[in-house]
Amino acid sequence: MAIEYRISLDDLHEFSYRIELDRQYDPQSANAAPKWTRLEHQQCSNCPLSRDAHSHCPAAVDLHRVVEDFQGLPAFKKVQVWVRTPEREYAKLVGLEEGLRALLGVIMATSACPVLGKLKPMAQQHLPFASNQEFILRAVSLYLARQYFNSREGRHADWELKGLVRLFQQLQLVNQAFWQRIHDTCEGDSNLKAFLTFFSMASSMTYSLETQLQKIRPQVMSAGEGFD
């Protein structure tokens, strides 16, 4: 399975990416990556990887081409973004920041990073240009579906979403470290703003989950009246 992205700045400048959803850490590609992708450079405080097995950060190695492609470009620049998933295609004229947020998010969630890998189920059902409410609804829905199967199969089911909050607390630490990685290497603001937006979406799950749930309650309850 793969997701394809094409970002067109104008008729002469177009960038294409193919993101394989089931990829492994590649030491050869890592050794060819720039210095800022090395594991010890702004390493996440909760990183479980050892430098003996991973000389470079898996997610940073996967991201560096995108970061370098758009380095120095303004976040407000309008671009045409085309996305193809195994199920459908999307096309939208957006600010570069929004297009990059979608692309960076799916690359990070499918990397060999053990922490970011927890988001892989969302990447497999990738929704480009998702709003904050859509992000919350999808994350909670997938988590609760997992708890349902845990309950059916005799394992502990976390209906209070405590594990979801813990997960996003860990993701927040990763986002903070990546902010420093990108900040160290970026000249313009497009990559920085894309990461800041992604970071703020994850933070909302950590600090104000109940508030976020109340925002999606009206659409969930109105849509679910026939399910009672």
Side-chain angles (χ1 to χ4, degrees), residues 3 5 44 46 59 75-76 78-79 81 83 85 87-111 113 115-151 156-179 182 189-228:
I3 294 174
Y5 264 77
C44 304
N46 59 336
F76 57 81
K78 289 296 184 181
V79 296
V81 181
V83 185
T85 72
E87 293 79 22
R88 58 190 61 88
E89 296 183 7
Y90 304 84
K92 188 176 181 182
L93 181 67
V94 297
L96 180 56
E97 171 194 348
E98 185 177 354
L100 277 181
R101 185 189 75 196
L103 174 58
L104 295 173
V106 73
I107 292 176
M108 292 174 76
T110 55
S111 74
C113 167
V115 181
L116 290 169
K118 303 291 186 181
L119 293 177
K120 191 170 183 179
M122 292 186 68
Q124 291 171 331
Q125 308 294 328
H126 184 50
L127 180 64
F129 323 120
S131 67
N132 190 63
Q133 288 192 8
E134 288 171 327
F135 177 79
I136 299 296
L137 182 58
R138 294 174 67 237
V140 171
S141 298
L142 283 169
Y143 187 81
L144 288 176
R146 185 182 183 92
Q147 305 318 305
Y148 170 75
F149 287 112
N150 282 341
S151 178
H156 170 70
D158 172 29
W159 301 116
E160 299 297 321
L161 304 180
K162 294 179 180 179
L164 185 62
V165 173
R166 287 194 297 270
L167 168 60
F168 276 89
Q169 287 172 341
Q170 294 301 306
L171 291 170
Q172 187 178 350
L173 295 175
V174 173
N175 286 337
Q176 289 170 340
F178 258 95
W179 169 262
I182 302 301
D189 67 348
S190 58
N191 293 297
L192 289 174
K193 283 185 175 291
F195 264 97
L196 181 60
T197 308
F198 187 77
F199 168 75
S200 63
M201 291 175 74
S203 297
S204 68
M205 296 288 283
T206 302
Y207 291 117
S208 57
L209 177 58
E210 184 57 37
T211 300
Q212 301 304 318
L213 290 175
Q214 288 304 315
K215 290 180 180 178
I216 65 174
R217 185 181 187 279
Q219 56 182 303
V220 171
M221 296 306 291
S222 63
E225 289 176 355
F227 297 159
D228 291 340

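As the structure is a computational prediction, the values presented were derived from the model and not from experiment.
- Atom CG of Leu142 is separated from atom CG of Leu137 by 9.5 Å, given to the nearest 0.5 angstrom.
- Between Asn150 and His156, the shortest heavy-atom distance links the atoms CB-O, 3.4 Å.
- Here the side chains of Leu213 and Leu161 are in contact, with some heavy-atom distance below 4.5 Å.
- Heavy atoms only, all atoms of each residue included: Val81 and Gly99 are closest at CG2-CA, 4.1 Å.
- Separating the OG atom in Ser141 from the CD atom in Glu134 is a distance of 11.5 Å, to the nearest 0.5 Å.
- Of the residues listed (Gln170, Gln169, Gln172), the one engaging Asn46 in a side-chain hydrogen bond (donor to acceptor under 3.5 Å, both in side chains) is Gln170, and it is the only one.
- Annotation: the span from Ile3 atom CD1 to Tyr90 atom OH amounts to 9.0 Å, rounded to 0.5 Å.
- With contacts defined as side-chain heavy-atom distances shorter than 4.5 Å, the pair Cys44/Leu173 does not qualify.
- Heavy atoms of other residues, nucleotides or ligands lying less than 6.0 angstrom from CZ of Phe129 number more than 12.
- At most 12 non-hydrogen atoms from other residues, nucleotides or ligands lie less than 6.0 angstrom from CD of Glu160.
- A distance of 11.5 Å separates CZ in Arg166 from NZ in Lys118, rounded to the nearest 0.5 Å.
- Contact between Leu116 and Ala59 at its shortest, heavy atoms only, is CD1-CB, 3.7 Å.
- At most 12 heavy atoms of other shown residues, nucleotides or ligands fall within 6.0 angstrom of atom CD in Gln125.
- Between Val79 and Leu93 the shortest side-chain heavy-atom distance does not fall below 4.5 Å.
- Looking at every heavy atom in both residues, His126 comes nearest to Thr85 through O-CG2, 4.3 Å.
- Using a distance-only test at 3.5 Å, with no hydrogens or angles considered, a donor-acceptor pair links the side chain of Ser111 to the main chain of Met108.
- Between Ala102 and Pro128 the shortest heavy-atom distance is CB-CA, 4.3 Å.
- Annotation: the span from Cys113 atom SG to Lys120 atom NZ amounts to 12.5 Å, rounded to 0.5 Å.
- Going from atom CG of Leu119 over to atom CZ of Arg138 covers 10.0 Å, rounded to the nearest 0.5 Å.
- Smallest separation of non-hydrogen atoms from Lys162 and Asp158: N-OD2, 3.0 Å.
- Using modelled atom types, one finds a donor on one side chain and an acceptor on the other under 3.5 Å when comparing Asn132 with Gln212.
- The number of heavy atoms from other shown groups lying within 6.0 Å of CZ (Arg146) does not exceed 12.
- No donor-acceptor pair under 3.5 Å is formed between the side chain of Glu98 and the backbone N or O of Gly95.
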